[in-house]
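Quick caveat, the model's predicted, so the values are computed rather than measured. Numbering starts at 1 and runs along the sequence shown. Basis for what follows: all heavy atoms, side chains included, without hydrogens, waters or symmetry-related copies. First listed ligand is number 1; within each ligand, the first listed atom is number 1.
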Amino acid sequence: MSGVQLNKVIKKYGDVQVIHGVDLQVADGEFCVFVGPSGCGKSTLLRMVAGLEETTGGSIGIGSRDVTRLDPAERGVAMVFQTYALYPHMTVRENMGFGLKMNGYPKAEIDAKVAEASRILKLDEYLARKPAALSGGQRQRVSIGRAIVRGPEVFLFDEPLSNLDAELRVEMRVEIARLHKEIGATMIYVTHDQVEAMTLADKIVVLRKGVIEQVGAPLDLYNDPDNRFVAGFIGSPSMNFLSGTITPEGVEVPGLKTVIPRQLAPAMHGRPVIVGLRPEHVAVGEGDALHVDLTENLGGVAFTHLMTDTGEKVVVEQRGTSAAKEGSRIGLTIDPALMFLFDPQTEQRIR
Ligand SMILES: Nc1ncnc2c1ncn2[C@@H]1O[C@H](COP(=O)(O)OP(=O)(O)O)[C@@H](O)[C@H]1O
Ligand SMILES: [Mg+2]
């Protein structure tokens, strides 16, 4: 097995540059997730690792080999796509073994590899079926099985769960986590779903417009984001952002009609900031600074949607039921230790 190294990787389509010099080390056996909004370059980067897209600049290594100019088949990778691309006229068994058969593997070896993949993915009872007789989740398991039988050093997944309904997505997410534990291979997994990223990853790579914004373990990104983009992208519902000013007493937030106590260097006094507060870190409290727009009671958890007089939206998440009356006014209870600050211009974190 092998890790993956990206060194100053660049991708251009004609004059348009979509990947801007990405440096990344994925360790052997690591589960690495590329996450970011649609169009940020996740698929492009993954396809460059696979060899399905040419690399315009920089280099890509797998294990100790420079694979930048190698064909996909020579790279020791297997890719699983959002669309399953199974052969409709073949059974599950034939679909999984087809690649090996085309490469001239002996039948006994193909059978053994298919049996092993089928055991791992719990597909034994479906081996004789054709794809049309399978659910979406089962079809995606077959396409993962097709990757497993090839025994790749690196698995590449491009939004493999996006075509599944919510319940199946959760189920398959657990399956993929289990698969990684059992096989222990290096995996790179692309998703725009931050919950998938948080639950699956050893390491998350947050991408935006072809640039890495931050790399880290899921909880490190949640607890210690480097910038406003990562802070807003990781965590659901998203972090609330409000305009404020640093004063000697703390951070004055006009929208909340309060000063949140925090000692900051005198040189920073008077400086405008963006205040970041996670919905789960604030609570409905005394006061009348905010208007209650909407309450959503989901049973176990409640979201209260608020609006400041300065036109800024704030969401509060709580366990249980929200008692806030729509149309009334309330205040916010804030833990100053759980407040994030960002520079309004650069959007970088102020620590
Ligand atoms: N074949 C192509 N020709 C030109 N531009 C492309 C091509 N493929 C992707 N792009 C552009 O590259 C950027 C990144 O795309 P992609 O990697 O598919 O994003 P993601 O997977 O993060 O949604 C987008 O702006 C997209 O329009
Ligand atoms: Mg994509």
Checklist entry - V195 and R173: side-chain contact (heavy atoms from CB on, under 4.5 Å), yes or no, with the steps? => result CA-CA 10 Å; V195 176; R173 204 171 76 204; 3.6 Å; yes
Checklist entry - Quick one: does G36 get within less than 4.0 Å of ligand 1, heavy atoms only? => result no
Starting from [atom], find the nearest protein heavy-atom neighbour and note its residue, name and distance.
atom	answer
atom 5 (N) of ligand 1	Y13 CD1, 3.3 Å
atom 12 (O) of ligand 1	V18 CG1, 3.2 Å
atom 21 (O) of ligand 1	S43 OG, 2.8 Å
atom 23 (O) of ligand 1	G39 N, 2.7 Å

Checklist entry - Which option, Q17, R208, K42, owns the non-hydrogen atom nearest atom 22 (O) of ligand 1? => result K42
Checklist outcome for this item: For T44, the ligand 1 atoms with a heavy-atom partner under 4.0 Å come out as 14 (C), 15 (O), 16 (P), 17 (O)
Next on the checklist: Closer than 4.0 Å and a protein heavy atom, does any atom meet both conditions relative to atom 26 (C) of ligand 1?
Outcome noted: no
Checklist entry - Side-chain contact, heavy-atom cut-off 4.5 Å: L179 with I148? => result yes
Next on the checklist: The test is ring pair (Phe, Tyr, Trp, His ring centres under 6.0 Å); show your working for Y87 and F98 and say whether it passes.
Outcome noted: CA-CA 9 Å; Y87 298 106; F98 185 68; 4.9 Å; yes
I need the minimum non-hydrogen distance between [X] and [Y], along with the two atoms involved.
X	Y	result
H305	V315	ND1-CG2, 3.7 Å
R169	L164	NH1-O, 3.1 Å
M96	S118	CE-CB, 4.1 Å
R69	R75	N-NH2, 4.4 Å

Checklist entry - Is there at least one pair of N or O atoms, one from C40 and one from ligand 1, spaced under 3.5 Å apart? => result yes
Checklist entry - Taking both backbone and side chain into account, is any N, O or S atom of S43 nearer than 2.8 Å to the Mg ion (ligand 2)? => result yes
